[in-house]
Amino acid sequence: MSTQPGASRPQTADSATEDLSTTEAAVAADSLEDPELDAAAAGGRIDREAVHQALLGSWPKERLAGRRNAANPAFWRDDSLGMDAHRERVLEQSRKLVETGTPALAYPVKYGGGNTAGGNIAAFEELVLADPSLQIKGGVQWGLFGAAILHLGTEVHHDRWLREVMSLDLPGAFAMTETGHGSDVASIGTTATYDPETEEFIIHTPFRGAWKDYLGNAALHGRAATVFAQLITGGVNHGVHCFFVPLRDDDGNFLPGVGGEDDGLKGGLNGIDNGRLHFTNVRVPRDYLLNRYGDVAADGTYSSPIESPGRRFFTMLGTLVQGRVSLDGASAVAMRAATAIAVTYGNQRRQFAGGDGDEVTLLDYQRHQRRLLPEVARAYAATFAHDELLRKFHEVFQDIADTPENRADLETLAAALKPVATWQALDSLQIAREACGGAGFLAENRLVGLRADMDVYATFEGDNNVLLQLVGKRLLDDHLARLKQDAVRTVASQVGSRAYRGIGLARLGANVGDFGRFGRSVGWLRDPVHQRQLLAARVEEPIGEIATALARVRNESKQVQRDVFNQQQHKLIMAGRAYGELLQWESFTRALDRFDPASDTHRILTALRDLYGLEVIERDLGWYLMSGRLTVQRARMVSSYLNRLVAKLRPHAQDLVAAYGYEDAHLRAKIATGAEAERQAEAAQYYEQLRASGDAPVHEKTLRAQRDRR
């Protein structure tokens with residue numbers, strides 16, 4: 001990397017300290033030279049309609065249909081209801097949802113469906129604005145129970161059950177998770193033992209920890225379940241398979257051998273009847289095995305198109321990845337809603353007198369900008385990343401590009417983005433709640449209710465930390481495969497170094513000689529190539545370090561290798577999270593190509609993208625400093641430039657959230673309807689009339705000042 005013209009020598013982290021006083025003065029004076037950013041903020045505005053269309057994504061028709069459902073009062077959450085009434089309301093809402101046709105979008109045309117995997121999720125995730133309980137109950141019925149029959153079953157199962165699933169005449173549960181095993185599906189205890197004499201499977205939970213738990217529709221409404229169990233035939237365990245198991249009769253009573261409990265009141269999503277199920281030697285016909293990937297003949301002979309038990313297991317689970325995809329999208333919806341509410345309120349609410357005596361709008365305070373505008377940037381990044389994930393999902397599940405490689409990539413992308421987005425949504429909702437003060441704590445303004453309902457999004461469809469470990473493991477495997485492919489044969493201490501330091505990332509911030517002038521560094525900071533390198537380094541270097549640690553013990557016992565890997569777990573998970581954030585940044589960057597580079601829209605959205613990337617970098621400044629990838633001077637510059645970014649983006653804040661396209665019927669937060677602006681106008685008018693009347697009381701301080709002048 002070359003130095004700036006006029007630099008007498010390359011600067012390093014040590015030599016840069018000579019200019020520290022200059023840097024501090026520049027930071028203090030906020031003298032960051034950035035004509036491009038100034039141009040973006042100088043009177044221009046985004047094209048709200050163009051941005052709105054970009055945010056709608058690849059299935060605008062279906063997404064808008066989902067928003068129409070969310071805006072319909074018939075589907076709204078009623079906060080006055082207790083748990084029992086809420087559950088019944090959501091069941092009835094689900095039946096009304098069938099009438100709109102949206103639950104059928106993912107299913108084949110043969111059964112009355114729309115045959116659009118991507119469009120289905122685009123419509124479905126918007127329901128979080130109506131009531132997250134309705135969204136998740138629908139997800140259980142059509143995205144899990146029905147999807148298991150569709151993707152794990154064959155035509156005989158489709159013909160037998162899909163129409164009733166789609167119409168909700170057959171409510172069902174998805175019985176995978178057990179009390180004793182959540183994310184570790186391979187170790188579940190429920191068994192399905194084949195009896196060749198009767199050609200039946202015997203479904204059995206042999207101990208309490210094998211009970212199926214936390215299942216939506218299990219406590220009350222489910223009449224059947226897709227049950228995951230260890231398939232045993234001829235004394236051989238062939239691993240986890242899925243079975244259709246009837247649960248209740250038409251009167252709602254458990255069938256013989258089936259039992260269960262109600263999970264009761266939860267921290268959120270109380271419109272869903274979560275419960276536990278257990279089975280005592282429940283017999284189901286042989287053809288109730290959903291046998292797309294594994295079958296048992298009448299004599300008990302097992303067969304599968306996938307020879308490897310491990311690959312078979314992951315293939316079966318991979319067909320159900322849409323749950324993670326939809327949670328990623330629902331989280332982006334929640335982020336957009338939270339920021340729309342908080343920014344609108346912050347643009348109207350006034351507190352504390354300014355220099356001219358008038359109270360200051362909250363969003364004019366730097367701290368408020370620093371709280372909310374990065375959340376807007378995250379909402380945009382999550383939205384664009386989700387649309388790319390959704391396109392990948394659609395290509396795989398519509399057989400457009402269904403290859404083992406694409407399925408593996410889809411699973412990795414979903415496992416990376418779902419944790420990042422769900423955590424971001426929870427953070428955004430909490431930050432928005434606090435930014436709205438006491439008003440944010442009122443249920444009528446939606447933020448606390450949404451956060452409570454979405455809290456468990458970080459846990460179900462794969463615990464976030466477990467998913468990120470899977471992502472980190474995939475990154476590590478890719479890294480090791482690349483080393484092998486390149487025929488790199490180095491000692492253990494060189495493995496990570498050769499892999500990543502050879503491509504120049506380690507030189508960032510140490511070899512660029514522009515430290516003498518602070519403002520000149522801004523171009524470097526805003527350069528998307530440099531931003532990406534910094535974000536990628538946060539992924540690549542830890543993975544290289546883990547590879548080095550494992551290489552050192554490659555000749556040791558398996559136990560020693562497991563212990564060393566366990567010692568790297570935190571680093572692996574952090575690398576997985578950084579990878580998800582890199583994916584979001586890259587998606588945002590690609591989305592910028594949709595706009596004319598010379599337009600105000602492009603310049604403003606570029607600044608918003610920079611805000612996202614640099615805020616992520618600022619969070620990990622300690623790591624960048626310790627790794628030598630940023631000097632102290634550049635680290636200071638990141639924080640100072642972020643302050644400038646939020647100030648320049650502040651005039652565009654309302655346009656940026658308005659571009660989401662949400663109306664009052666979607667947000668349903670009184671503080672985002674203009675009521676606060678009306679109160680402010682009423683107060684201003686009152687004081688103006690009071691002053692004009694001459695009846696305004698004199699403030700004690702004014703009276704004292706008058707006396708002092710005498």
Side-chain angles (χ1 to χ4, degrees), residues 1 13 374 377-378 381-382 384-385 412-413 415-421 423-424 427 464-465 467-480 482 495-512 524-550 567-590 609-639 641-642:
M1 194 174 291
R378 286 190 188 95
F384 291 134
T412 302
L413 292 173
L417 290 174
K418 181 265 183 182
V420 169
W423 276 332
Q424 287 172 334
D427 288 344
N464 282 357
N465 283 283
L467 290 180
L468 290 178
Q469 182 168 311
L470 293 175
V471 174
K473 185 64 166 56
R474 170 72 186 273
L475 295 171
L476 181 61
D477 289 345
D478 286 352
H479 166 74
L480 295 174
R482 193 160 56 247
V495 173
S497 175
R498 285 292 299 276
Y500 294 111
R501 297 185 184 279
I503 61 176
L505 291 179
R507 297 194 300 272
L508 289 179
N511 294 341
V512 181
W524 181 93
L525 190 63
R526 295 188 71 243
D527 187 334
V529 173
H530 292 149
Q531 284 186 32
R532 189 195 180 281
Q533 287 175 332
L534 286 172
L535 293 168
R538 189 67 180 93
V539 181
E540 293 171 331
E541 182 164 305
I543 293 297
E545 292 171 350
I546 295 169
T548 299
L550 295 176
Q567 292 165 10
Q568 305 296 320
Q569 187 179 44
H570 176 73
K571 188 180 294 183
L572 192 74
I573 290 170
M574 291 302 99
R577 180 170 184 169
Y579 179 66
E581 292 167 336
L582 173 62
L583 291 174
Q584 290 183 334
W585 182 92
E586 289 179 329
S587 298
F588 200 155
T589 300
R590 284 188 287 270
R609 187 278 317 274
D610 293 344
L611 177 60
Y612 174 74
L614 294 175
E615 223 260 342
V616 171
I617 291 168
E618 184 191 44
R619 183 198 65 205
D620 286 338
L621 277 184
W623 181 87
Y624 286 105
L625 286 166
M626 289 188 293
S627 66
R629 294 180 181 274
L630 283 177
T631 64
V632 172
Q633 183 175 359
R634 285 189 188 254
R636 290 171 181 266
M637 183 177 65
V638 170
S639 295
Y641 189 64
L642 281 170

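We use all heavy atoms of the structure for the numbers below, so side chains are in, but hydrogens, waters and symmetry mates are not.
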Going from [atom1] on [X] to [atom2] on [Y], what distance comes out if it is rounded to the nearest 0.5 angstrom?
X      : Y      : atom1 : atom2 : result
Asp620 : Met626 : CG    : CE    : 9.5 Å
Arg532 : Asp527 : CZ    : CG    : 12.5 Å
Asp610 : Leu642 : CG    : CG    : 9.5 Å
Ile546 : Gln567 : CD1   : CD    : 12.0 Å
Gln584 : Leu535 : CD    : CG    : 11.0 Å
Leu614 : Leu621 : CG    : CG    : 10.0 Å

With a 4.5 Å heavy-atom cut-off, do [X] and [Y] have their side chains touching?
X      : Y      : value
Leu534 : Leu630 : yes
Arg629 : Glu541 : yes
Ile617 : Trp623 : no
Leu525 : Met637 : yes
Pro528 : Arg609 : yes
Val616 : Trp585 : no

Arg538 vs Tyr624, test: side chain to side chain contact (heavy atoms under 4.5 Å, CB included). Steps then yes/no.
CA-CA 8 Å; Arg538 189 67 180 93; Tyr624 286 105; 3.7 Å; yes
Which residues satisfy the side chain to side chain donor-acceptor pair (under 3.5 Å) test with [X], sequence neighbours excluded?
X      : result
Asn465 : none
Glu618 : Arg370, Ser639
Arg378 : Glu375, Glu615

Test Arg526 against Tyr641 for side-chain hydrogen bond (donor to acceptor under 3.5 Å, both in side chains), laying out the working first.
CA-CA 10 Å; Arg526 295 188 71 243; Tyr641 189 64; 2.9 Å; yes
Arg474 and Asp478: salt bridge (charged side-chain N to carboxylate O under 4.0 Å, His left out), yes or no, with the steps?
CA-CA 6 Å; Arg474 170 72 186 273; Asp478 286 352; 3.3 Å; yes
What pairs with Ser587 under side chain to side chain contact (heavy atoms under 4.5 Å, CB included), at least two apart in sequence or on another chain?
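Only Phe384, Ala385, Glu388, Arg590 meet the side chain to side chain contact (heavy atoms under 4.5 Å, CB included) criterion with Ser587.
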Evaluate the side chain to side chain contact (heavy atoms under 4.5 Å, CB included) criterion for residues Leu550 and Leu476: first the C-alpha distance (whole Å), next the side-chain angles of each, then the deciding distance (0.1 Å), finally the verdict.
CA-CA 10 Å; Leu550 295 176; Leu476 181 61; 3.6 Å; yes
Taking only residues two or more places apart in sequence or in another chain, which ones pass ring-ring contact (aromatic ring centres under 6.0 Å, His included) with Tyr612?
none
How close do Gly544 and His479 get, heavy atom to heavy atom, and via which atoms?
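Gly544 and His479 have their closest heavy atoms at CA-NE2, 4.2 Å.
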Taking every non-hydrogen atom, the tightest pair across Pro542 and Ala537:
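Heavy atoms of Pro542 and Ala537 come nearest at CD-O, 3.7 Å.
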Distance-only check: which donor-acceptor pairs under 3.5 Å involve side-chain atoms of residues 570-583, not counting sequence neighbours?
unit_1: Lys571; atom_1: NZ; unit_2: Glu545; atom_2: OE1; d: 3.1
unit_1: Glu581; atom_1: OE1; unit_2: Arg619; atom_2: NH2; d: 2.9
unit_1: Glu581; atom_1: OE2; unit_2: Arg619; atom_2: NH1; d: 2.6
unit_1: Glu581; atom_1: OE2; unit_2: Arg619; atom_2: NH2; d: 3.4

